[in-house]
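Down below is the structure, laid out as structure tokens.
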Protein chains: 2
Amino acid sequence: MARRPQTIPRSAADRAAAEPVARTGNPVDLSPLPDRVGYVLRRAQLAVFKDFNRTCAEYDIRPAQYSVLTVIENNPGLKQIEISTALGIKRTNLVALLDLLEQRGLARREPVPSDRRSYALFLTSKGKAFMDRVHSSVARHEDNVNGALGDKGREQLLHLLNRILDKIGPAPGEDEV
Amino acid sequence: MARRPQTIPRSAADRAAAEPVARTGNPVDLSPLPDRVGYVLRRAQLAVFKDFNRTCAEYDIRPAQYSVLTVIENNPGLKQIEISTALGIKRTNLVALLDLLEQRGLARREPVPSDRRSYALFLTSKGKAFMDRVHSSVARHEDNVNGALGDKGREQLLHLLNRILDKIGPAPGEDEV
DNA sequence: TTATTTTGTTATGATATATAACATTTCGGG
DNA sequence: CCCGAAATGTTATATATCATAACAAAATAA
């Protein structure tokens, strides 16, 4: 793994071996990647998340955390399994996420008398106030994205992405959790 | 962190406290997430990558690895910094990626006589053969995606995603690496 | 009752992304 | 030419996601 150890002076013979190729600028041929949906999708998603993080930096909240808080906000009393299913997060990965939100005092787990295995999730009053403030930052973020797309483009994009979600589901047989 | 310790039987009083709310199925209200570009983009990207991994399972290759191999294939002799810039990967993160590809015997670093700091990157013959085989699997994956979108939809999608990439770049002032 | 399933949890691993710091080398200005 | 600045690859490290296996407790089905 130590490919470049402390000091290994390369020989003059080495230096004379291969020709320079001299790739100066960056006219790198990315083909066929820019025509691959997956590649462009990934880069666009990263750009959008980066804008989200930038716009909401003052609140130190990640997109995944925001989505969880939003679902709790609109569906108070949900169980963890319901949130994880709805958001496509494995229930095993939701645990740490909720731990964090609970530690920050934004959400709380509450025992469910009717099912002592599960917890009902709620925003704390602090969490509600927090979301009230975050929503406006997220709106600004959305404006950035919509500004790039236009209303029509945004609708088209959502429609196309939903087609992907509908048709590129889990493998035939390999279902869910 | 041990929220559910060994044995803490909840009292009958607890059991009588709050009402059930009885959220049975999963009519979870996700709004406004399904209208947020970032959210839908993320879910679609995950679905597409999952299909990539499924379709290319026999080759045990990740999208990022495939993109690096593709760039090397089409631009033999590139330096690491050029690849990382072209693909938007931090040069610091490309190291382990290339270590892996080298360990698998698919790519190799070659000293550049004209610049002893950098390495020129090439596919090995094994790497070339590997890519020849992988390309057909990736083509099948692309067919899956295109089947969901249609040719027209695919073009529209790429166009819209590129609009995002063009306009939602790095923050004004915060530039690159 | 007993066997199975569900729910939340822990532990763990793989992948991606990010920053800071470093050695070596290259390059530009004096 | 020398010297400081920049470039290149590297290590170390932290965080965020996503994934699987295994478990305890509770609910459910048989």
Side-chain angles (χ1 to χ4, degrees), chain A residues 1-10 15 23-24 42-43 45-47 49-50 52-54 60-68 78-85 87-100 102 109 111-121 174 176-177, chain B residues 1-10 15 23 42-43 45-47 49-50 52-54 60-68 78-85 87-100 102 109 111-121 170 174 176-177:
Chain A
M1 198 72 85
R3 198 169 317 98
R4 181 188 271 169
Q6 298 303 34
T7 292
I8 294 191
R10 289 162 197 163
R15 221 160 301 140
R23 298 200 165 274
T24 53
R42 173 61 168 162
R43 301 219 44 173
Q45 183 260 305
L46 282 184
F49 270 30
K50 198 170 285 190
F52 180 100
N53 288 326
R54 194 188 309 140
D60 188 34
I61 185 148
R62 247 44 63 198
Q65 298 169 3
Y66 172 75
S67 70
V68 169
L78 274 193
K79 299 189 298 179
Q80 294 180 203
I81 188 70
E82 292 170 314
I83 291 189
S84 64
T85 300
L87 288 177
I89 301 173
K90 291 232 170 354
R91 73 187 193 285
T92 186
N93 290 326
L94 184 62
V95 176
L97 239 169
L98 283 175
D99 286 346
L100 189 70
E102 234 181 359
R109 292 165 161 108
V112 175
S114 60
D115 185 344
R116 298 191 309 171
R117 292 171 303 179
S118 54
Y119 295 98
L121 299 168
E174 165 212 328
E176 303 291 320
V177 186
Chain B
M1 199 70 85
R3 200 168 318 98
R4 181 187 272 170
Q6 298 303 34
T7 291
I8 295 190
R10 289 163 199 161
R15 221 160 303 141
R23 296 198 166 277
R42 173 60 168 165
R43 302 223 37 178
Q45 183 261 305
L46 282 184
F49 270 30
K50 197 169 285 190
F52 180 101
N53 288 326
R54 194 188 310 141
D60 189 32
I61 186 152
R62 244 47 60 199
Q65 298 170 1
Y66 172 76
S67 70
V68 169
L78 274 193
K79 299 188 299 180
Q80 293 180 203
I81 188 70
E82 292 170 314
I83 290 190
S84 64
T85 299
L87 288 177
I89 300 174
K90 293 238 168 349
R91 73 187 192 286
T92 187
N93 289 327
L94 184 62
V95 176
L97 238 169
L98 283 175
D99 286 346
L100 189 71
E102 236 181 358
R109 290 164 162 110
V112 175
S114 60
D115 185 345
R116 297 190 308 172
R117 291 170 303 180
S118 55
Y119 295 97
L121 299 169
E174 163 212 332
E176 304 292 318
V177 188

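Values reported hereafter were calculated over all heavy atoms of this structure, with side chains retained and with hydrogens, waters and symmetry mates removed. Given the structure is predicted, the values throughout are model-derived calculations rather than measurements. Sequence lines set the chain letters: A, B, ... in the order given, protein chains first and strands last, and positions in each chain run from 1.
- Counting atom types as modelled, A:R117 pairs no side-chain N or O with a base atom of C:dG8 as donor and acceptor under 3.5 Å.
- Here the side chain of A:I81 is nearest to one of D:dA27, C:dG8, D:dA19, namely C:dG8.
- Between A:L94 atom CG and D:dA19 atom P there is a gap of 14 Å when expressed in whole angstrom units.
- Candidate nucleotides C:dG8, D:dT17, D:dT11 were compared by shortest atom distance to the side chain of B:V95, and D:dT11 ranks first.
- Here the C1' atom of nucleotide D:dA16 and the CD atom of B:Q45 are 14 Å apart, to the nearest Å.
- Comparing A:L46 and A:A120 by the nucleotide of DNA chain C that holds the closest heavy atom to each, the one mapping nearer the 5' end is A:A120.
- For A:R42, counting side-chain heavy atoms from C-beta on, the closest listed nucleotide (C:dA16, D:dT11, C:dT26) is C:dA16.
- OP1 or OP2 of C:dA18 lies within a sub-4.0 Å distance of a side-chain N or O belonging to A:K50.
- For the pair B:K90 and C:dA18, the criterion of a side-chain N or O lying under 4.0 Å from OP1 or OP2 is met.
- Atom CG of B:L97 is separated from atom P of C:dA14 by 15 Å (rounded to the nearest Å).
- For A:K79 and C:dG8, the shortest distance from a side-chain N or O to OP1 or OP2 is not below 4.0 Å.
- Among the atoms of the strands shown, none is found under 4.0 Å from any heavy atom of B:I89.
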For side-chain contact (heavy atoms from CB on, under 4.5 Å), just list the numbers for A:K90 and A:N93, CA-CA rounded to whole Å, side-chain angles, deciding distance to a tenth of an Å, and then say yes or no.
-> CA-CA 5 Å; A:K90 291 232 170 354; A:N93 290 326; 3.8 Å; yes

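- Each of A:G88 and A:Q65 was assigned the nucleotide of DNA chain D with the nearest heavy atom; the assignment lying further toward the 5' end belongs to A:Q65.
- At a threshold of 4.5 Å between non-hydrogen side-chain atoms, the residues A:K79 and A:L121 do not count as touching.
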Any protein N or O atoms within reach of nucleotides 12-14 of chain D? Criterion: under 3.5 Å, listing atom names and distances.
residue	atom	partner	partner atom	Å
D:dA12	N6	B:T92	OG1	3.4

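- When the side chain to side chain contact (heavy atoms under 4.5 Å, CB included) test is applied to B:L94, the partners found at least two apart in sequence or on another chain are B:V68, B:Q80, B:I83, B:S84, B:I89, B:L97, B:L98.
- The interatomic distance linking B:Q80 (CD) with C:dT25 (P) rounds to 16 Å, in whole Å.
- Distances from the side chain of B:S118 to the nucleotides D:dA19, C:dT10, D:dT8 place D:dT8 closest.
- Between A:R62 atom CZ and D:dC18 atom C1' the separation is 17 Å, expressed in whole Å.
- Separating the CZ atom of B:R116 from the P atom of C:dA23 is a distance of 17 Å, rounded to the nearest angstrom.
- Within the structure, every side-chain polar atom (N or O) of B:R91 is placed at least 4.0 Å from both OP1 and OP2 of D:dT8.
- A donor-acceptor pair under 3.5 Å is formed between the side chain of B:S67 and the backbone N or O of B:A64.
- Under the side chain to side chain contact (heavy atoms under 4.5 Å, CB included) criterion, B:A47 pairs with A:L165, not counting sequence neighbours.
- Rounded to whole angstrom, the span from the CG atom of A:D115 across to the P atom of C:dT6 amounts to 12 Å.
- Between B:F49 atom CZ and D:dA19 atom P the separation is 13 Å, expressed in whole Å.
- Judged as a salt bridge (Lys or Arg N to Asp or Glu O under 4.0 Å), and not counting sequence neighbours, the contacts of B:R62 are B:D60.
- Here CD of B:E82 is found 5.0 Å from CG of B:L78. Values are rounded to the nearest 0.5 Å.
- Residues that satisfy the side chain to side chain contact (heavy atoms under 4.5 Å, CB included) test with B:R42, not counting sequence neighbours, are A:R42, A:Q45, A:F49, B:Q45, B:L46.
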